[in-house]
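Worksheet: the structure to be examined is printed underneath.
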Amino acid sequence: MSTSDTSVKTISNASGNRSSLVQMSMGRRGPGMRGAPIEKPKDGKTTFKRLLKYFRQELGLVIALAAVVVAGVACSVIAPGLQSNAIDRIVGARFDTLPKLLIIMVVFYIGYGLSTLIQGRLSASLSQRIIKRMRSDLFGKIVRLPVSFIDGHSHGDLMSRMTNDAENVSGVISQSLSSLFSGVLMLIGTASVMLWYNVPLTLLSCSTVVLTVLFTRFISKKMRSFFVKRQQLLGRVNGTVEEMVSASKTVTAYNYQDEAIRQFSETADQLTKTGIKAEIIGNCMGPVMNMFNNVSFVIVAVFGAWFALKGYITVGVISAFIVYSKQFSRPINELAQLYGQIQTAIAGAERIFAILDEKEEPSGGEIPAQPVRGVIEFKHVNFSYVPGKQIIKDFNLKVESGKKIALVGTTGSGKTTIINLLMRFYEIDSGEILLDGVNIKDLSIHDLRNAIGIVLQDTILFTDTVKYNLTYADPNVSMEEIRAAAASSNCAKMIEAWPEGYDTMLLASGTGLSQGQRQLLTIGRAFLSYPQILILDEATSSVDTRTEKHIQDAMVELMANRTSLIIAHRISTIRDADQIIVMDQGTIVESGTHDVLLAKGGVYHELYMTQFAGQKT
C-alpha cells in the first residue's frame, strides 16, 4: 500500500476485538561499539549472502577500498623491516646508504598514513550508499505492506528496524569492515615476515595470543548479560518519557507528576546501576589487553637479547620484532571486539530482511477501471481479526448509487470494520463485497481506493504547507480548483486570513490548529480527491456548536450526488439519512429511516433516548 493511497493509524486491543479508527487521506494520486548488546542472527550465512548483493551494487567502491587496505597493510608490514635494516647499518657504522633507506622508510610511513585516511573516507561513502539503498528498500516495503501486518506489529519495532538496525549495519561497514579486512591481512603479513626473520622468537612472541583469546571469550559472556539488560532498561526509560510527553495534559490534569517522577526514577536508578556494571566490565578489556601486549614486549626483549648475544639475530631484528609483535596483537584485539559488533549488525540486517521478505498487499484483480456509479453490496460477509473470534457475522447490505447510509451501534459493534473491509485493508473470511456488481477482489486496489474519499473524526495533517495538505490526493490540481474546494469546505476564509495563505506551513502536523480548523482542511482535501463514494466518520463530536454547523454544511455539499457511508456517533447528524443501519456484535439488528426506527421502539430508539433523554448506558 503506497503513501499515495492512504495514511493509516489503527488502534487495536490485545483480545482481538478491535475498536479501530483507520485514519486515511484518500485520493486519486498521492505525492508520492562497544556497549551494545551482542544480538546473534538466526541464520547468519544467509543474511551475509544477502548483504553481499548490496556490496555488488557498489563494486567500484569495494574494489577501491580493498586496494587501499592492501596498500596500507603492505606499507605497515614493510616499514618495520626497513627500520630494522637502518638500525643494523647504524650499529655497523655503514652510513653510505642510510639516507636513502631513511627516505624510503619515511615514504612508506607516509603511504600508510594516507592509506588510512583514504580508507576512512571510502568506508564512510560505502556505508552511507549501502544504507541509503537498504533504507529505501525497507521504506518502500513498509508503505506497501497490508494494514493487517502494520496492525499486528509494534510501530516502534518497525521504526527501530529503519533506524537502530540500519545504523548497526552502517556502523560495521564504515568502521569495522575495513578493520576486519586489514586485520586479517595484517595478521597474515606480519606473521609471515616474523617467521622469515626468526621462527622461535615468532612462536614466543605469539604465546600471549592464547591468553588473549581465552580472556576475550570469558569477558564477552559477562558483558553480554549486562549490556542486554541495560538496553532493555533503556527502552523502558525511553518508553516512559515518550508516554509522559504524549500524555502530558492527562498527567497534569490528574496531578500525576510526582508518581510519574517516582516511576521514572526507579527505572533510571536500575539503568544507572546496570550501566555502571556494564561499563566496568567493558572498560577492563583495554587494560587487560595492554597487559598482554606488554608481556609480549617483555618476551621479545628478553629472548631477543639472548638470541642476539648468541648471534642468531641482529639488534635491528629485535627492534623490528617489537613493532611486529604489536602489529600482530593489535588485529587480534580488534577482531575480538569486532566480533560482537558484526554479530549485532548481521542480526540487525536479518531483522530488516525479515520485513523485506513479507508479502506486499496484493494489487488486486485486472478488470479495467470503469466509471464508478457507487453501488455497494455486501453478501454474506464473515470476518474475524483473530481466528475463532468472529467480528462480522453473515453481513448483508446493499447501498444504491447516490444514497446516504448511516451505520450506528455501540462501540465494538463492527461499524469501522465494515469500512476496513470495503477498503480492503483486511480480507474477508467468506462472502462477497461488490462495487457496481463487480467483486472488489477482481478490481485493482488502486482503482478501488481512487473511487473512495474518507473524512474522519481524528484528522491527519502533514508537516508541510496548507496547499500540500489540500492537494495530497493529486498534487497537479490547479489553484482555481484548490480555492473552489476550500470555499466548498468552508475553510477559504480561514486560510486567506493567515499571513501566508495557502503557503502557510503547518508545524507539527497541524497541532497548532483547533480541531474544527483541522477538520475543515481534511474536508477540503476530500473535495480535491473527487471521490465517487464517500466515507464519513462522525467529524463534529469534539467541536463547538458553531464550528459543527460549518463542518456539517461542508459535509452536506461534499456528499451531494455521492454514495455516502456514515459511521455515526451523534444521531442528530443522521436524521436525514436515506437508510440507517443499526449494528450489534457484527450483525444488522435494525434498518430503516430515522422516523421508522424510532417508531419501532427497538435498539435505535434506545440509542436515541440515551443521547437525548439522559438515560444511562
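Side-chain atoms are counted along with the backbone in the values below, which use heavy atoms only and exclude waters and symmetry mates.
Across all non-hydrogen atoms, the minimal contact from Ser115 to Gly72 is OG-CA, 3.1 Å. Residues Ser170 and Ser127 approach most closely at O-CB, 3.5 Å, considering heavy atoms. Of all heavy-atom pairs between Ile355 and Ile142, the closest is CG2-CG1, 4.1 Å. Looking at every heavy atom in both residues, Ser125 comes nearest to Leu61 through OG-CD1, 3.7 Å. The two residues Lys359 and Leu145 come nearest to each other via the heavy atoms O-CD2, 3.7 Å. The minimum heavy-atom distance between Leu51 and Ala349, with the atom names listed, is CD1-CB, 4.0 Å.
Applying the salt bridge (charged side-chain N to carboxylate O under 4.0 Å, His left out) test to every pair with at least one member in residues 55-64, sequence neighbours left out, gives these pairs: Glu58-Arg129, Glu58-Arg133.
Between atom CG of residue Leu233 and atom OG1 of residue Thr274 there is a gap of 5.0 Å, rounded to the nearest 0.5 Å. We find the CG-CG distance between Leu506 and Asp464 to be 8.0 Å, quoted to the nearest 0.5 Å. Expressed to the nearest 0.5 Å, how far CG of Asn168 lies from CD1 of Ile173 amounts to 11.0 Å. Taking CD of Gln57 as the reference point, atom CD1 of Ile130 lies at 8.5 Å (rounded to 0.5 Å). A distance of 11.5 Å separates OG of Ser76 from CZ of Phe108, quoted to the nearest 0.5 Å. Separation of atoms CE (Met505) and CG (Asn469) is listed at 10.0 Å; rounding is to 0.5 Å.
In this view, Asp357 and Arg50 satisfy the salt bridge (Lys or Arg N to Asp or Glu O under 4.0 Å) rule, not counting sequence neighbours.
Between Met105 and Leu102, the closest side-chain pair of non-hydrogen atoms falls below 4.5 Å. Between Leu356 and Phe353, the closest side-chain pair of non-hydrogen atoms falls below 4.5 Å. Looking at heavy atoms from C-beta onward, Tyr54 lies out of side-chain contact with Ile131 at the 4.5 angstrom threshold. The closest side-chain heavy-atom distance from Val69 to Leu185 is below 4.5 Å. No side-chain heavy atom of Val251 sits under 4.5 Å from any side-chain heavy atom of Glu259.
Between Glu361 and Arg449 there is a salt bridge, since a side-chain N of the basic residue sits under 4.0 Å from a carboxylate O of the acidic one. With salt bridges taken as basic N to acidic carboxylate O contacts below 4.0 Å, one links Arg135 and Glu167.
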Item checked: Pair Phe264-Met244, side chain to side chain contact (heavy atoms under 4.5 Å, CB included): steps then yes or no -> CA-CA 10 Å; Phe264 175 83; Met244 290 302 108; over 6 Å; no

Next item on the list: Let me see the working for Ile460 and Tyr472 under side chain to side chain contact (heavy atoms under 4.5 Å, CB included), right down to the final yes or no.
Entry: CA-CA 11 Å; Ile460 294 293; Tyr472 191 72; over 6 Å; no

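In this structure a side-chain-to-backbone donor-acceptor pair under 3.5 Å is present from Arg161 to Arg351.
Note on ring orientation: taking the six-membered ring where Trp is involved, the planes of Phe462 and Tyr468 are perpendicular (angle over 60°, cut-offs 30° and 60°).
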